[in-house]
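Note sheet for the following structure.
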Amino acid sequence: MLKFAVITLFPDLLNAFLSAGVIGRAVESGKVDVELINPRDFTSDIHRTVDDRPFGGGPGMVMKAEPLIASIAAAKTQMPEATVIYLSPTGLMLNQAMVRQWASSVASDASDSEPAERSMSAGMVLIAGRYEGIDERVIDAHVDAEISIGDFVLSGGEIAAMVVIDAVARLSPGVLGHPLSAAEDSFGEDGLLDHPHYTRPEKLGENAVPDVLTSGDHKAIATWRRRRAVERTWERRPDLLAKARLTETDNKVVKQLEAARDKSAT
Ligand code: 4H4
């Protein structure tokens, strides 16, 4: 079972996500467990204050440390070995390799691995920031890794927390309908983008499905799909192509693409 705790001022934001589709079924079946913890429940003043003005001045508010520290402690009573992740634009960029590490069902010895590499068997606490962020002393003392889902600023880290839960949970055994689905996704084991997908009708106006896909020739289909994955990655994400695990055939496709590009440039 994958165990998560999300520390959030807006738990309702996650309820729809946790009851729909693949993730909803995983929660329903007990493969994934997500506890929602609201720092407002760990305040001691009459106004249940969770934020305050920043020292040093400047716009916006900062999430106060004590309610967050108490929330983390509450999460860790259920998951004492959990990895604590803070979602923030200032964090390490999330990628599929990190997701695969976390989703690995074999419990690694968490004590000697980097926080961003620890297995999910110990659980994960996700802190969803709001306002301008959280008091830095929480990060220094209680956060194992800061993770960003992209170079942009959201109004809250809840969406980022859902991204992490979704990406990790769908790799857990038994969560996806077909175990091969995840392996063939973009950023799969070879690091390539996924090939195009088609379904009925076979003809959509003038646009027909590529013949090979209705040929029944599984070898030809696999070859076509791999070629299209290499072409797409070459066209859209040369950074991924540079790191991808390519076969000799893949490299020939790349050379053909480069020759065609060079020819059209002259
Ligand atoms: C946190 C905004 C920290 C600014 C936040 C900062 C992301 C993201 C995000 C609500 C919260 C925002 N979370 N990836 N991108 N001052 N979270 O935008 O540290 O820059 O994950 S700050």
Side-chain angles (χ1 to χ4, degrees), residues 2-18 23 32 34-43 48-72 74-75 79 82-103 114-118 120 123-171 185-187 237 239-240:
L2 290 179
K3 289 174 72 66
F4 297 92
V6 180
I7 296 174
T8 170
L9 294 173
F10 298 94
D12 289 350
L13 266 181
L14 283 101
N15 287 331
F17 163 70
L18 295 172
I23 301 302
V32 172
V34 182
E35 184 186 6
L36 303 176
I37 299 174
N38 190 335
R40 215 173 281 283
D41 297 336
F42 295 88
T43 54
R48 306 184 78 207
T49 309
V50 290
D51 63 319
D52 203 341
R53 296 188 310 284
F55 278 118
M61 303 291 271
V62 175
M63 289 183 79
K64 289 176 65 64
E66 301 99 319
L68 287 170
I69 292 169
S71 299
I72 294 167
M79 304 185 283
T83 302
V84 180
I85 302 285
Y86 171 45
L87 287 314
S88 153
T90 58
L92 201 62
M93 191 67 77
L94 180 70
N95 62 40
Q96 194 65 13
M98 290 159 76
V99 169
R100 273 199 292 270
Q101 285 276 357
W102 291 334
E114 285 303 309
E117 295 165 0
R118 285 184 192 160
M120 270 297 297
M124 184 177 276
V125 179
L126 298 167
I127 303 172
R130 281 269 155 177
Y131 313 114
E132 295 307 310
I134 68 176
D135 188 298
E136 192 69 12
R137 290 165 290 186
V138 177
I139 300 169
D140 294 340
H142 300 278
V143 168
D144 295 311
E146 276 189 80
I147 299 292
S148 172
I149 61 166
D151 289 337
F152 39 76
V153 180
L154 303 168
S155 56
E158 286 78 10
I159 294 171
M162 286 184 252
V163 164
V164 172
I165 291 172
D166 192 292
V168 171
R170 66 188 297 281
L171 291 188
D185 281 352
S186 291
F187 316 105
R237 292 293 302 275
D239 60 310
L240 289 180

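Values below: all heavy atoms of this structure, side chains included; hydrogens, waters and symmetry mates excluded. Ligands are counted one by one from 1 in listed order, and the atoms in each one are counted from 1 as well.
- For atom 8 (C) of ligand 1, the nearest non-hydrogen atom of the protein is Pro89 N, 3.8 Å.
- Close approach of ligand 1 to Val153 (heavy-atom distance below 4.0 Å) involves ligand atoms 2 (C), 18 (O).
- At a 3.5 angstrom cut-off on N or O pairs, Gly156 does not count as close to ligand 1.
- Annotation: Phe152, atom CZ; neighbour count of heavy atoms from other residues, nucleotides and ligands within 6.0 Å is above 12.
- Atom 1 (C) of ligand 1 has as its closest protein heavy atom Tyr86 OH, 3.4 Å.
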- Apply the test side-chain contact (heavy atoms from CB on, under 4.5 Å) to residues Val125 and Thr83: give CA-CA distance (whole Å), side-chain angles for both, the deciding distance (0.1 Å), then the verdict. CA-CA 6 Å; Val125 179; Thr83 302; over 6 Å; no
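- Considering backbone and side-chain N/O atoms, Gly157 never comes within less than 3.5 Å of an N/O atom of ligand 1.
- Under a 3.5 Å cut-off, the side chain of Thr49 and the backbone N or O of Asp51 do not form any donor-acceptor pair.
- Evaluated for a side-chain contact (heavy atoms from CB on, under 4.5 Å) with Tyr86, the options Ile139, Asp144, Ile147 yield exactly one hit, Ile139.
- The protein heavy-atom contact nearest to atom 15 (N) of ligand 1 is Phe152 O, 2.8 Å.
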- Task: Could you check Val6 against Ile37 for side-chain contact (heavy atoms from CB on, under 4.5 Å), going step by step and ending with a plain yes or no?
- Result: CA-CA 6 Å; Val6 180; Ile37 299 174; over 6 Å; no
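- Within the set Glu146, Glu132, Met93, the minimum heavy-atom distance to atom 22 (S) of ligand 1 is found for Glu132.
- Counting only heavy atoms of the protein, atom 14 (N) of ligand 1 lies nearest to Ile149 N, 3.0 Å.
- The heavy atom nearest to atom 19 (O) of ligand 1, considering only Ile147, Thr90, Leu87, Ile85, is found in Thr90.
- Remark: side-chain polar atoms of Arg48 are not paired, donor with acceptor, to backbone N or O of Thr43 under 3.5 angstrom.
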- Message: Applying side-chain contact (heavy atoms from CB on, under 4.5 Å) to Glu146 and Leu87, what does each step give before you reach the verdict?
- Response: CA-CA 6 Å; Glu146 276 189 80; Leu87 287 314; over 6 Å; no
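- For atom 21 (O) of ligand 1, the closest non-hydrogen atom on the protein side is Ser88 N, 3.3 Å.
- Comment: Glu158 engages Arg130 in a salt bridge, judged by a side-chain N to carboxylate O separation of less than 4.0 angstrom.
- Leu154 O, 3.3 Å is the protein heavy atom nearest to atom 10 (C) of ligand 1.
- Summarising the local packing, CG of Asp151 is surrounded by 12 or fewer heavy atoms from other residues, nucleotides or ligands at distances under 6.0 Å.
- Under the 4.0 angstrom criterion for non-hydrogen atoms, Ser155 is in contact with ligand 1.
- Inclusion of Gly150 in the set of residues having an N or O under 3.5 Å from an N or O of ligand 1 is warranted.
- Ligand 1 places these atoms under 4.0 Å from at least one heavy atom of Ala160: 13 (N), 21 (O).
- Ranking the protein heavy atoms by distance from atom 11 (C) of ligand 1 puts Gly129 O, 3.9 Å first.
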- Message: Determine whether Asn15 and Asp12 satisfy the following criterion, side chain to side chain donor-acceptor pair (under 3.5 Å), listing intermediate values before the conclusion.
- Response: CA-CA 5 Å; Asn15 287 331; Asp12 289 350; 3.3 Å; yes
